[in-house]
Amino acid sequence: MTTDSGSADGDDTIAALATPAGTAALALIRVSGGRSRVMAAALFRGDPAALPERRYRHADYRALGGEVLDDAVWSFGVGPGTFTGEDTLEICTHGNPLIVQLVLADLFARGCRAAEPGEFTRRAFLNGRMELTQAEAVMDIIHARSERALVAAQQQLRGGLGRHLEELIAALLGVLARIEAYIDFPDEDLPVEDRELVRTALADVLRGTERLLATHRYGDLLRDGLKAVLLGAPNVGKSSLLNALVGRDRAIVSPEPGTTRDFIEEMVHVGPHLLRLIDTAGMNPAAGRVEQMGMAKTVERLSEADLILWVTDVTQASADVPVELRPYLGADIVLHVRNKADLAAGVSGGMDGGGFSPALPIFTVSALNGTGLGDLRAAIIARADALRPAMAGDEHIAINARHADALRRARESLASAAAGLGAAIPAPIELVASDVRGALDALGEVAGRVDNERMLDALFSTFCIGK
Amino acid sequence: MSSDLPVYDVIVCGAGHAGCEAALAASRMGARTLLLTGNLDTVAQMSCNPAIGGQAKGQIVREIDALGGEMAINTDLTGIQFRLLNESKGPAVQSPRAQCDKKAYQFRLKHTLELQPNLKLFQATVTGLMFSKGPSGVRQIVGVHTNLDLDFHGRTVVVTTGTFLRGLMHICQNKNEGGRMGDFSAKTLSASFLEAGIELQRLKTGTPPRLSGRSIDFSQMEAQRGDAVPTLFAFHDTRDPEPMFHVEQGLTGREQRLGWDPGTEQVPCWLTHTTERTAQLVRENLHLSAMYSGEIEGVGPRYCPSIEDKFVRFADKPRHILYLEPEGRATNEYYINGLSTSLPFAVQVEMVRSIPGLERAELLRPAYAVEYDFAPPTQLLASLESKLVENLFFAGQINGTSGYEEAACQGLVAGVNAVRKGRGESALIIGRDEGYTGVLIDDLVTKGTREPYRMFTSRAEHRLLFNHASSELRLAHHARDFGLVSKSRLERIEAKRARIEGWIARLEASRPTVGSGVGQGTWADRLRRDQGRSGENGLGGVELPEEFLALGDADRAEVLYRVVYAGYLERERRHVARLQDVDKVRVPADFDFDAVKGLRSESLAKLKAARPLSLGQAGRISGVNPADISILLVHLAARRRTGQG
Ligand SMILES: Cc1cc2nc3c(=O)[nH]c(=O)nc-3n(C[C@H](O)[C@H](O)[C@H](O)COP(=O)(O)OP(=O)(O)OC[C@H]3O[C@@H](n4cnc5c(N)ncnc54)[C@H](O)[C@@H]3O)c2cc1C
Ligand SMILES: Nc1nc2c(ncn2[C@@H]2O[C@H](COP(=O)(O)OP(=O)(O)OP(=O)(O)O)[C@@H](O)[C@H]2O)c(=O)[nH]1
Ligand SMILES: [Mg+2]
């Protein structure tokens, strides 16, 4: 029987967070199954045949796209001497949920799938690594947890996500019905098959799926990090500040005002958060054409910002809040950073007094010698922490890594279906149907299994079938 | 009754399409089998149109042949027109279909039953079931009562009574009892089921009028002819030779089984359509239709609407296509496909005559609707045995299906499993990834049905693997394990498999050395690139090795299918492999779900009601989630480890 190996397909490799989600300082992500070895080698630049076993190693976790997600500690274990009895890769990252989701999404992209509740335990038991009573105890806990997850998922689905998914599924069922009618009822007196209609409808669903993936703020954050925009007059030291926070000279710094003409972006970890720092051209009311254009772009970026660092120069007379910043003052996302503290001894932090409404928190720092940067970092962390619940509970849409994984697979299937239909020699229609069905299954993983009966309903209500 | 009466291993009630396959399968496995039927002159009668096969159904018929059943060969030998549907699409969704000579089909099958060793055929109507309390306190079936006051005793009973349970036919206000026109209604049997706690519900279906051919003006219609090269249902390349056209050896006198060389002297069907006048007649008389006046309480199929339904639900569609199908070579009767109705007879006549070519048509039989009892199939185990009465099996329309093919494949499986049950052996359960038969039975017992269930290819999530030609290769292991086909046929099947796989390997590995394909990768790469570009022989521009072209048609087509579609088929197999992990795990019939710690009470209730026989089936029950499956898996493994399973 296949069951004693725990998995019929030795390649079927699963990944999941092993530590409780949320607050812990460190997170343990476990990968189990036949592909663990090659994945470990690919991730941490090792020779698959000579991976160090059961040794904890420190290394950057680099995503498929090449960006570093975190500095991680990893270890590889060879089955059957592991928890599950299979080859296992363990990756320890910072406990920040964003990092965890990012790493999981990357592991899925590398060919793992999300573990089902209790699957590690199941594999452990089936591979003889665990007694029944032990397994039962673990299962109980898992069940309680999956029950909670179920409740949470249902709550989510009742909201925007569920509505959007339902629209996509309904549209896709319509597409499938239009394809299936011509497959299953070739002798019926159906209207001439309209593949163009199918193509347009598919394209709509594909766009909808992409929108769901993309407009989703949490997904953006996973992909892009938290956006922090550096804003201020020319020459106040914005680029210097970016360099100081990143820890190396990334942006060109010069005593000439207007040095930075375009955006400079850099990913940096601030505490547990991944920050995308965006340096901008200085805001100069009396600027030349090129600068004007740079400024216009800066203003555009502001609307996407999760955090705005308004930089001023302590040596200059107290500046007014730029008009461009006004719309964001109420949102609690603006920090006032007064730079070049080394040039003006005795100036201290606090709240800006009158003039501004509401008052902005002030940080007096020196990009040059590092004064005050610790406080600034702490404030950024606090701000990002405060943002987190807003992301997760966003009434718009909030999907987790598992959802995103499913949506991405739906997108892939839809793209493949569209490509098949659009090819110079169109793919046989039942293959297109197979892709559409793949997409439906993937959406169904999030919204609840889509029964074929619903497709038949759509089919019989669209077409007059029956001789 | 005296106790020295014979006890049969299997008693089959009803010689319809399900009953015939059940009786043949059981007796061919060596079981002492009795087939009781209300009327021996209607054995294997096609109650509705004289056609076998079509989308998904054609594949089922080929699966029946792969499992040693009779429907395929019987169709090939009595078919009068053969067409391969969906020829322009890929092989997975192509289906053979045949018009049959209705009487020849019946007579040949009856003759086959008569000649079958171990099988006793007897005309009697089953009026009730005999139960006893089994050792475990569960009700068991021990035999049947008949209208002749003869009782028959059996270890197992297979019920295949079709549309006959409390069958009630409607033509407008006119009502007649019967399972189909001219036949009886099994009125008392339902009481036996209810007594045993088996729930019954009502379904309905309908059939169009039959016309006299000489009153039809075919010149106003378009002919639809059969394929020059017929696609047959049986696997003639591996089957044991069928003595068919000549006087058979061992038969007495000049006895000769009916049948002819498959595909010869095909006859056409004819296309016509409804008119504005037809629509008007329907609209004006709608209130008289049995289905619209509330006379009928049963639920009808969505895919087989009456003409009333069509004009009401698709009011904007001005006309509907109709097919005239010949009922046989030796009759002038025509079936008018597409004109099911339960309008009054007078309206039917007017309606028929509003159709081009039928202006002077004479009706031989009226259209009617029939309502009947069915036993919701969720009351069955995956083996088709009742959960409520041990050793009692159900197959065919009584399970809520519709269609000859759907009935026949269930009959075959039920026949096999009745024998196995009697012998204390494990049941034949065909996976959803193995064939339409598996999908059908799994859908029935897991989800049940609210309308007469018909198979569609879209019901099979792995249909790409179910091209009709591969049925035999897909099911050979079952045929072997359950002894359903001869050793010599199995050898031929395995040889065929080896040939096909050998050629796939060769095409994947070797490259053309001469001709236009040189330097473009392997033969297989070239074939895939040319996918869809169809040349005369369907091979596109690829010039394949001579030796390959010399291969039999069936083998070559299978090789090409698997090569050209390799990517998709591979994806499908991976999908199956992932599911198999849990799908193949059997749940013992006596498994005590209550003893499993950690199941949610909702899941527990559903599992206890559905009594799944595999974890895959358990997972398809709505409301049972992956965590439940994990828990069950662990328990089942534990059971096996401690030697209880
Ligand atoms: C009016 C009508 C219209 C139909 N229309 C369609 C259609 O449009 N499409 C479609 O796919 N299918 C249609 N069918 C269904 C199709 O005929 C059946 O699905 C198929 O024949 C079922 O096979 P079966 O073996 O289950 O039962 P049946 O073919 O009904 O055979 C039942 C057999 O059991 C015997 N029997 C019944 N009760 C007893 C008893 N108590 N004792 C002994 N013998 C008994 C009968 O004599 C009969 O031989 C229609 C059927 C009818 C009657
Ligand atoms: N003393 C001192 N000089 C600083 C500090 N930060 C920046 N400077 C100097 O200020 C000048 C301008 O710095 P930049 O970082 O290029 O300023 P910017 O705001 O990016 O300027 P633009 O890109 O031109 O808008 C440089 O000569 C820096 O060396 C600081 O904290 N202390
Ligand atoms: Mg700058």
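Letters go in sequence order (proteins before strands), and every chain restarts at 1.
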J.: For the interface with chain B, which of Leu459(A), Ile179(A), Asp435(A) has the highest count of heavy-atom pairs at distances below 4.5 Å?
T.: Asp435(A)
J.: Measure the spacing between CG of Leu633(B) and OG1 of Thr121(A) and express it to the nearest 0.5 Å.
T.: 12.0 Å
J.: Please check: side-chain N/O of Glu430(A) versus main-chain N/O of Gly90(B), any donor-acceptor pairing under 3.5 Å?
T.: yes
J.: When you look at CZ of Arg411(A), are more than 12 heavy atoms from neighbouring residues, nucleotides or ligands closer to it than 6.0 Å?
T.: yes
J.: Is the shortest side-chain heavy-atom distance between Ile183(A) and Ser458(B) below 4.5 Å?
T.: no
J.: Does Glu222(B), at its CD atom, have more than 12 non-hydrogen atoms belonging to other residues, nucleotides or ligands within less than 6.0 Å?
T.: no
J.: With a 4.5 Å heavy-atom cut-off, do Ser434(A) and Arg463(B) have their side chains touching?
T.: no
J.: Given side chains that start at C-beta, do those of Val93(B) and Ile429(A) come closer than 4.5 Å, heavy atoms only?
T.: no
J.: How close do Arg313(B) and Phe460(A) get, counting heavy atoms only, and between which atoms?
T.: NH2-O, 2.9 Å
J.: Quick one: does any side-chain atom of Asp184(A) pair with a main-chain N or O of Phe456(B) as donor and acceptor, under 3.5 Å?
T.: no
J.: Gln94(B) versus chain A, heavy atoms under 4.5 Å apart: side chain, backbone, both or neither?
T.: neither
J.: Compare all side-chain heavy atoms of Tyr182(A) with those of Asn86(B) and state whether any distance is below 4.5 angstrom.
T.: no
J.: Which atoms of Arg573(B) come close to chain A, meaning under 4.5 Å heavy atom to heavy atom: side chain ones, backbone ones, both, or neither?
T.: neither
J.: Which answer fits His273(B), side chain, backbone, both or neither, if we ask what part of it has an atom under 4.5 Å from a heavy atom of chain A?
T.: neither
J.: What residue, out of Arg571(B), Glu461(B), Gln224(B), has the most heavy-atom pairs lying under 4.5 Å from chain A?
T.: Arg571(B)
J.: What part of Leu176(A) gets within 4.5 angstrom of chain B, counting heavy atoms only: side chain, backbone, both, or neither?
T.: neither
J.: Evaluate Arg459(B) against Glu453(A) for side chain to side chain contact (heavy atoms under 4.5 Å, CB included), listing each step before the verdict.
T.: CA-CA 8 Å; Arg459(B) 294 196 197 264; Glu453(A) 273 305 300; 3.1 Å; yes
